[in-house]
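Take a look at the structure below.
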Amino acid sequence: MKKKKIIKVIFSVIGGIAALCIAVVGFFAIKGAVMWNNAKAAKPLDTAIAELQAADGFARVSELPQFYINAVISVEDRKFRTHNGINLKSIVRALLYDVKTLSFEQGGSTITQQLAKNLWFTQEKQIERKFAEVYAAFDLEKALSKDEIFELYVNTIYFGSGYYGITDAAKGYFGKAPSELSEYECAMLAGLPNAPSAYSPDESPELAEQRLKLVLDSMEDCGVITEKKAEEVMAAA
């Protein structure tokens, strides 16, 4: 009887914890929905896109080297072409890491989620904002093609050293238009947005080179380049 009581208590505790977790998730999910509704009311998607496209240096996806596109997708969001806005596996993995380390270091964000953050939200780490990003990502995927999402994304990301958007970064770091970038330069730029202040070649050439190597390794893992090609690109440094 004592053993059964202990088991009953354990299950009651587990059930209580589960109920609490569901309640907390539900609370922040609702707050996130309100945040997203307010954000899109303040700046509808059509308005956000028009503002971006009217800016100097807006780069069309057709102007970007395929090597750069492959590099970004390989290192930032391998499932970009197939997911519906979020990568649940990446989110769970990041959540477990954040809980383990008591931090918000990893977000598990897809390219679509990152675009949502760049268009409507701040960089402040809030649980409700992560939910808002998810809702926004679903809406972006419904409204736009993958190429349109990628195009907007590379025009909104920060590359370090005061450069925003791929055109600004290509001209600032290499004095070129995006279409003129070499494969080495494409790989270098693809790696910067993950931690632009740390990886900027202006600030830390060594870390930038290490990050570039990781980009090429990711491309190789994804099967978009061979080991020989990766070595060739590194040799072009």
Side-chain angles (χ1 to χ4, degrees), residues 57 59 64-65 67-80 86-87 89-127 129-130 133-134 136-137 149-174 178 181-222 224-225 230 233-234 237:
L64 303 176
F67 196 92
Y68 174 71
I69 295 172
N70 290 342
V72 173
I73 292 174
S74 295
V75 77
E76 287 289 336
D77 185 2
R78 297 185 180 191
K79 301 294 185 181
F80 174 66
I86 67 170
N87 185 329
K89 184 177 179 181
S90 293
I91 290 175
V92 171
R93 182 173 63 245
L95 179 62
L96 292 175
Y97 177 88
D98 289 346
V99 170
K100 181 180 178 181
T101 59
L102 298 178
S103 70
F104 283 98
E105 291 181 12
Q106 295 188 12
S109 294
T110 62
I111 283 175
T112 314
Q113 286 174 266
Q114 291 178 59
L115 172 60
K117 178 172 64 178
N118 294 340
L119 287 178
W120 289 292
F121 307 113
T122 68
Q123 301 298 316
E124 186 179 356
K125 296 182 183 298
Q126 298 174 293
I127 297 177
R129 196 210 75 206
K130 296 302 295 183
E133 281 180 21
V134 170
I149 290 170
F150 188 88
E151 181 178 275
L152 295 173
Y153 167 72
V154 297
N155 280 283
T156 59
I157 48 181
Y158 181 54
F159 288 83
S161 298
Y163 303 130
Y164 285 88
I166 182 61
T167 299
D168 201 22
K171 289 182 177 179
Y173 285 121
F174 303 114
L181 293 169
S182 69
E183 292 175 338
Y184 174 86
E185 292 162 348
C186 285
M188 174 68 75
L189 291 181
L192 299 186
N194 179 264
S197 298
Y199 295 135
S200 167
D202 289 343
E203 301 297 328
S204 180
E206 297 81 9
L207 286 179
E209 196 80 4
Q210 291 175 22
R211 179 65 178 171
L212 181 146
K213 177 64 166 59
L214 189 148
V215 171
L216 294 174
D217 287 344
S218 296
M219 295 180 74
E220 189 179 338
D221 288 342
C222 291
V224 293
I225 62 171
V233 174
M234 283 300 297

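These values consider heavy atoms only, across backbone and side chains, with no hydrogens, waters or symmetry-generated copies. Remember, predicted model here, so these are calculated numbers, not experimental data.
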Problem set entry | side chain to side chain contact (heavy atoms under 4.5 Å, CB included), paired with Pro196, selected from Tyr164, Tyr163, Tyr158 | Tyr158
Problem set entry | Within-4.5 Å side-chain heavy-atom neighbours: Ile166 and Phe159 | yes
Problem set entry | Asp77 side chain reached by Gln114 side chain, heavy atoms, under 4.5 Å | no
Exercise. To the nearest 0.5 Å, what is the distance between CG (Asp202) and CG (Leu192)?
Worked result: 9.5 Å
Exercise. For residues Ser200 and Tyr173, is any side-chain donor paired with an opposing acceptor at under 3.5 Å?
Worked result: yes
Problem set entry | Leu64/Val154 under side-chain contact (heavy atoms from CB on, under 4.5 Å): CA gap, chis, key distance, verdict | CA-CA 10 Å; Leu64 303 176; Val154 297; 3.8 Å; yes
Problem set entry | Validation row: Leu181, Leu189 side chains within 4.5 angstrom (heavy atoms) | yes
Problem set entry | Distance, nearest 0.5 Å, that separates CD1 of Ile225 from OG of Ser218 | 9.5 Å
For this session: State, with a plain yes or no, whether a side-chain heavy atom of Leu212 is found less than 4.5 Å away from one of Leu216.
Result: yes
For this session: Looking only at non-hydrogen atoms, find the nearest pair between Glu151 and Ala59 and report the distance.
Result: CG-O, 3.5 Å
Problem set entry | Where at least one partner belongs to residues 184-198, residue pairs that pass salt bridge (Lys or Arg N to Asp or Glu O under 4.0 Å), sequence neighbours excluded | Lys176-Glu185
Exercise. Considering only heavy atoms from C-beta outward, does the side chain of Lys130 approach that of Val134 to under 4.5 Å?
Worked result: no
For this session: Let me see the working for Leu214 and Gln210 under side-chain contact (heavy atoms from CB on, under 4.5 Å), right down to the final yes or no.
Result: CA-CA 6 Å; Leu214 189 148; Gln210 291 175 22; over 6 Å; no
For this session: Compare all side-chain heavy atoms of Thr110 with those of Lys79 and state whether any distance is below 4.5 angstrom.
Result: no
Exercise. Do Phe80 and Thr112 have side chains that get closer than 4.5 Å, going by heavy atoms?
Worked result: yes
Seminar exercise, completed: Nearest heavy-atom approach of Phe67 to Ala187 is CE2-CB, 4.3 Å
Problem set entry | Over all atoms of both residues, closest heavy-atom pair of Glu76 and Ala190 | OE2-O, 4.5 Å
For this session: Return the minimal non-hydrogen interatomic distance between Val215 and Ala71, and the atom names on each side.
Result: CG1-CB, 3.9 Å
Exercise. Does Phe150 reach the side chain of Val72, with side-chain heavy atoms less than 4.5 Å apart?
Worked result: yes
Exercise. Is it true that a side-chain atom of Arg211 and a backbone atom of Tyr199 form a donor plus acceptor pair closer than 3.5 Å?
Worked result: no
Exercise. If you round to the nearest 0.5 Å, how far is CD1 of Ile111 from CG of Asn87?
Worked result: 11.5 Å
For this session: Could you tell me whether Glu209 and Lys213 make a salt bridge, using a distance below 4.0 angstrom between a side-chain N and a carboxylate O?
Result: no
For this session: Search all heavy atoms of Val233 against all heavy atoms of Glu183 and return the closest pair with its distance.
Result: CG2-OE1, 3.9 Å
Problem set entry | Atom pair CD/CG of Glu133 and Leu119 - distance to nearest 0.5 Å | 11.0 Å
Exercise. What is the distance from atom OG1 of Thr156 to atom NZ of Lys117, rounded to the nearest 0.5 Å?
Worked result: 10.0 Å
Seminar exercise, completed: Closest non-hydrogen atoms of Ala198 and Leu207, given as atom of the first, atom of the second and distance, are O-CD1, 3.6 Å
Exercise. Out of curiosity, Ser161 OG to Asp168 CG, how far, rounded to the nearest 0.5 Å?
Worked result: 10.5 Å
